[in-house]
Structure formats: C-alpha cells, structure tokens
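This report refers to the structure that appears directly beneath it.
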Amino acid sequence: MGNGKRTDRPGKPLAQGQQGRVVAAFGRRFLVELADGAVLDCVSSGKKRGIACGDRVGLKLTGPGQGVIEHVVARTSLLYRSDPFRTKVIAANVTQVVVVLAAVPSFYEDLLNRCLIAAESTHIRALIVLNKCDLTEETEQAREQLRLYRGLGYPLVELSAKRDVGPLRPHLEGHTSVLVGQSGMGKSSIINALLPEAAAETREFSQALDSGRHTTTYTRLYHLDRESHIIDSPGLQEFGLHHLRPDEIDHAFVEFRPYLGRCKFSNCRHVSEPGCAVRQAATEGRINGRRLAAYLRLIGAKTA
Ligand SMILES: Nc1nc2c(ncn2[C@@H]2O[C@H](COP(=O)(O)OP(=O)(O)OP(=O)(O)O)[C@@H](O)[C@H]2O)c(=O)[nH]1
Ligand SMILES: [Mg+2]
Ligand SMILES: [Zn+2]
C-alpha cells in the first residue's frame with residue numbers, strides 16, 4: 001500500500017450502507033463514528049488491510065452496534081511508516097503532525113527527524129511540542145537542542161501537560177492533528193488536559209479494546225470542536241521510512257532544497273561525491289552538521 005494509492009470508490013455511498021469515520025483503530029478492530037454520533041464496533045471485510053484512524057469508510061450494519069467496513073473513501077493524506085517487510089498506518093486525513101518530546105525520558109533526535117521527514121514527504125504541516133516544561137532544569141538542554149528545528153521553520157510549543165496546555169490550543173484550531181512520539185513523552189496526558197472528559201472515554205475504550213497495559217496501545221481520534229480533531233497514537237520506538245526514495249528524502253530535509261539539483265552529479269547522494277552542493281553548504285555552516293549526519297544515517301550511508 002502506498003501513499004498515493006486511492007482506495008475504492010471515493011465518496012460513493014453504498015445503497016444500504018452508511019458512511020462514518022474511524023475513531024479508533026486496534027489491529028483489525030475499529031470503532032467507527034456515524035454522522036449522528038453513534039459509534040459502531042467494526043471489523044474490516046475480507047482481507048482489506050491498512051485502514052487507519054481518521055479514515056472515512058463505508059460500512060454495512062451487521063447487528064446492534066456492529067458493522068463491517070466495506071470500503072475506504074479516498075484520503076487527503078496518510079501518515080505511515082514501513083520496514084522492508086510491511087507498512088504500518090498511523091493516521092489518515094490528518095492536516096498536522098505534532099511530534100511530542102520531553103526531556104524526561106530523553107528523546108531520540110533521529111526519531112524526531114524521521115517524524116519530520118514523514119510529515120514533509122506527505123505534505124503535512126509539522127509542529128514540535130516540548131512537554132514537561134515544569135521540569136525546568138532538565139528541560140533547558142532539550143530546549144537548546146531544539147533551537148535548530150525552530151531555525152528550520154518548525155513551530156515549537158513549550159508546555160506542561162500537568163500544568164497548562166493552553167499554548168497548544170491555537171495551533172490545533174481547524175486541524176486534524178496526530179500526536180506522535182516515543183512512549184512516555186506525554187501524548188495521552190496532553191489529550192486529557194485538552195479534553196478533561198477524554199480520561200473517562202479512554203478508560204471506557206481501553207476496557208473495550210486494550211489489553212490492560214497503561215501505555216496507549218491503540219490510535220484514537222477525539223473531537224476538540226466541529227473543525228478540530230486530535231488523534232492519540234501509541235508510542236513509537238522507531239519510524240521506518242523504507243517507502244521513501246532517496247530523492248524524496250532529499251526534499252524532505254527542508255534546508256537542503258536550495259541546493260538540490262546543484263550538485264555536480266545529478267544522482268548525488270551527498271555522501272562523498274565531488275562537487276556536492278549540499279556538503280559544501282554544510283561545510284560553510286548553511287546546513288547544520290547534525291541534520292546532514294541524520295540524513296546520512298537515514299539513507300544508510302557511512303558517515304565516516
Ligand atoms: N512532570 C511531568 N510529567 C508529565 C507531564 N505530562 C505527562 N507526564 C508524565 O509522563 C508519563 C507518560 O505520560 P503519557 O501521557 O502516558 O505518555 P504517552 O506519550 O502517551 O506514552 P505512550 O502512550 O506509551 O506512547 C506519565 O507518568 C505522566 O504523568 C508533564 O507535563 N510534566
Ligand atoms: Mg499514550
Ligand atoms: Zn550532493
């Protein structure tokens with residue numbers, strides 16, 4: 001399954017079916033919300049794979065409160081990750097990726113970069129949240145580390161889910177946002193702070209769907225208002241980008257763009273080729289060395 005793949009008859013309602021939005025995705029089980037607010041417990045028909053939270057779907061009712069998803073309406077976006085063997089969808093029809101970081105536990109900068117690259121390559125806006133700012137001492141170094149990303153144009157919102165999520169609210173207006181990041185960064189805490197009633201809902205849904213673990217194990221969409229929605233997702237250990245071609249990765253590093261097409265060789269991978277405009281820019285301090293190193297790790301090159 002690829003990003004550009006359109007799935008089944010876009011927008012066409014089924015004669016006896018209903019349309020709804022996937023508001024929770026747990027393996028092959030889904031909760032689908034209908035226009036009247038009713039939520040159905042659904043499975044996917046046949047071998048249909050890759051249905052994501054946020055997807056608009058056509059479904060058939062099979063019993064009280066139950067249905068089968070029969071098709072997926074064409075998506076405006078699909079955020080997903082991949083390794084050489086398979087693809088894992090994260091969320092569909094989102095307009096913003098919110099990468100949630102915190103100083104404690106420490107975050108992996110490569111994972112941040114991978115989240116940003118995934119967002120750029122899907123043409124989704126990316127926002128960085130530095131949570132747990134109530135831990136003032138620990139946060140200082142993380143703030144310093146993130147200065148680079150602010151310089152690249154990524155909005156950085158500092159907050160404490162424990163104290164006040166207010167600074168995040170204006171950034172969510174009119175967007176369908178998905179919170180992504182490592183486990184323990186506070187994604188679900190942010191959701192609960194934004195939507196006090198979500199705590200009860202989370203417990204309710206975790207009873208229906210969860211295996212009883214404390215961390216999030218399923219993707220779940222919440223409504224902030226009619227136009228603004230937010231998706232909580234399970235913590236990521238890694239963010240495989242096997243599906244991206246090297247030239248797509250090049251373009252997803254926003255600060256590389258002015259130099260692309262200017263290397264001596266048109267297929268330059270910016271590793272050690274002579275006449276490389278990207279490396280030249282790095283040497284001159286116009287591209288940060290940490291980002292070039294992250295790029296080289298991403299394309300699997302030796303950074304020696
Ligand atoms: N000090 C402090 N702790 C926080 C804050 N936000 C969350 N935490 C704590 O961080 C821990 C992890 O929070 P969660 O919201 O479960 O993290 P998550 O990102 O949803 O984790 P996964 O679901 O595993 O991906 C919990 O113990 C929270 O109480 C904060 O603003 N300040
Ligand atoms: Mg969580
Ligand atoms: Zn080059």
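Throughout, numbering of the chain's residues begins at 1 and tracks the sequence. Order of appearance sets the numbers: ligands from 1, and atoms from 1 within every ligand.
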Which atom name does His270 have for its N/O/S atom nearest to the Zn ion (ligand 3)?
ND1

Considering the heavy atoms of Asp134, write down every atom of ligand 1 situated less than 4.0 Å from one of them.
1 (N), 2 (C), 30 (C), 31 (O), 32 (N)

Side chain, backbone, both or neither: the part of Ile190 lying under 4.0 Å from ligand 1 by heavy atom:
neither

Contact atoms of ligand 1, heavy-atom distance to Lys187 under 4.0 Å:
15 (O), 17 (O), 18 (P), 19 (O), 20 (O), 21 (O), 22 (P), 25 (O)

Report the part of Leu159 in contact with ligand 1, treating N, CA, C, O as backbone and CB onward as side chain, heavy atoms under 4.0 Å; options are side chain, backbone, both, neither.
neither

Hey, looking at atom 4 (C) of ligand 1, which of Lys132, Glu138, Arg163 has the closest heavy atom?
Lys132

Which of the atoms in ligand 1, numbered in the order shown and given with their element, are less than 4.0 Å from a heavy-atom of Ser189?
6 (N), 7 (C), 13 (O), 14 (P), 15 (O), 28 (C)

Below 4.0 angstrom from a heavy atom of Met185, which ligand 1 atoms are there? Numbered from 1 as shown, please.
17 (O), 19 (O)

So that I can check it, does any N, O or S atom in Ser183 come closer than 2.8 Å to the Mg ion (ligand 2)?
no

Note: Thr216, heavy atoms under 4.0 Å from ligand 1, region reported as both

Report yes if some N/O of Pro234 lies less than 3.5 Å from some N/O of ligand 1; otherwise report no.
no

Could you check if a side-chain atom of Val99 sits within less than 4.5 angstrom of a side-chain atom of Leu127, using non-hydrogen atoms only?
no

Ligand-side contact atoms (ligand 1) for residue partner Ala161, heavy atom cut-off under 4.0 Å:
6 (N), 31 (O)

Is the Mg ion (ligand 2) less than 2.8 Å from at least one N/O/S atom of Ser188?
yes

Considering distance alone, does some N or O of Gly181 sit under 3.5 Å from an N or O of ligand 1?
no

Does Cys133, backbone or side chain, put an N or O under 3.5 Å from an N or O of ligand 1?
no

According to a hydrophobic-cluster definition based on side-chain heavy atoms being under 4.5 Å apart (Ile, Leu, Val, Met, Phe, Trp, Tyr only), do Val157 and Leu148 belong together?
yes

